[in-house]
Every structure is written in structure tokens, then in C-alpha cells.
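To start, the structure under review is shown below, and the notes come after it.
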Amino acid sequence: MINLSEAAVQEIIRLQSKQNQPNALFRLKVKPGGCCSLCYIMEFDTQEASNDQVYDHGQIKVVVDSQQLNYLNGLTLDYSEDLMGGGFRFNNPNAKVVCGCGNSFSV
């Protein structure tokens, strides 16, 4: 399961409208890189693949490749703003080590 806070949902909707992609799928994935070996990737996608797991969050459909679920299952995505600006925050129960920026992790 992938969870989104209400703030994350609102920010994703804002980004979709800004890019004129109101019906796009919100894809979450990981790739090798970053400080701790894996980094999060967020992007909009127009197609759902046959091996995708889809999580419906009202106006947002989150898609994750089923082969990457072992890295992302249970993840909660939040969005917050502070004096340094706004950004997405990842709370991943699978992460054993998280880098200081929060965008890279290892399992």
C-alpha cells in the first residue's frame, strides 16, 4: 500500500494542472543513485503497464511497478513547506538508512 497525506494529494493535483496533465497517473519508483544507494523518482505517466500496482487516492492514481513494491510498500508520501521552501517527504518503513535530504535510502 502507498499512502498520501492530504497535503501531498493537493500538491500533486497542483502540479498536474500546472503541466496540463489533469488525468495523468502519478508514478513512484526508485533507481540506483543518491547518497544511500537508491533514490525516489516521481513523475507523471499517461499509460499504465500490465505489471503496475495502482493505488486510488480519489483524484490521484498512484502507480508503482510491482517489481519495486518491496522498496515502496507501506510508504507514506507527505508534502510540507518551511522556511527553506516546499517539498515532498518520504516516510518509508523499508528504509534502513536515509540520507540527510530524505530523497535517498537503502534497505
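All residue numbers in this chain count up from 1 along the given sequence.
When side chains are defined from C-beta on, Tyr79 does not count as touching Gln10, because their heavy atoms never get closer than 4.5 Å. Residues Glu11 and Val9 have side chains not in contact (no heavy-atom distance under 4.5 Å, counting atoms from C-beta outward). Here the side chains of Lys61 and Phe26 are not in contact, with every heavy-atom distance at 4.5 Å or above. Taking 4.5 Å as the limit, some side-chain heavy atom of Leu77 sits within range of a side-chain heavy atom of Phe90. Looking only at side-chain heavy atoms (C-beta outward), Leu38 and Lys31 stay at 4.5 Å or farther from each other. Two residues are said to be in side-chain contact when any heavy atoms from C-beta on lie closer than 4.5 Å; Leu28 and Leu75 meet this criterion. Between Leu4 and Val62 the shortest side-chain heavy-atom distance falls below 4.5 Å. With contacts defined as side-chain heavy-atom distances shorter than 4.5 Å, the pair Ile12/Gln59 does not qualify.
When all heavy atoms of Arg89 and Ser80 are compared, the closest pair comes out as NE-OG, 3.3 Å. For the pair Cys39 and Pro32, the tightest heavy-atom approach, listed with the atom from each and the gap, is SG-O, 4.5 Å. When all heavy atoms of Pro93 and Gly74 are compared, the closest pair comes out as CD-O, 3.4 Å. The two residues Val30 and Gln68 have their closest heavy-atom pair at N-OE1, 2.8 Å.
Residues Ile13 and Val63 are members of separate hydrophobic clusters, defined by side-chain heavy-atom contacts under 4.5 angstrom among Ile, Leu, Val, Met, Phe, Trp and Tyr. No path of Ile, Leu, Val, Met, Phe, Trp and Tyr side chains, each step under 4.5 Å between heavy atoms, connects Val54 with Val64, placing them in separate hydrophobic clusters. There is no path of hydrophobic side-chain contacts, each under 4.5 Å, that joins Leu25 to Leu72. In the hydrophobic clustering of ILVMFWY residues, with side-chain heavy atoms under 4.5 Å counting as a link, Leu69 and Met1 come out together.
Residues Arg27 and Asp52 are paired through a salt bridge, judged by an N-O separation under 4.0 Å between the basic side chain and the carboxylate.
Side-chain atoms of Asn92 and Tyr40 include a donor-acceptor pair closer than 3.5 Å. Between Asn91 and Asp78, the side chains place no donor N or O within less than 3.5 Å of an acceptor N or O (distance only, hydrogens not considered).
A donor-acceptor pair under 3.5 Å is formed between the side chain of His57 and the backbone N or O of Ile2.
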Stepwise side-chain hydrogen bond (donor to acceptor under 3.5 Å, both in side chains) test for Asn51 and Asp65:
CA-CA 6 Å; Asn51 61 333; Asp65 183 310; 3.2 Å; yes
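Enclosure of atom CD in Gln47 is not indicated, since only 12 or fewer non-hydrogen atoms of other residues, nucleotides or ligands lie within 6.0 angstrom.
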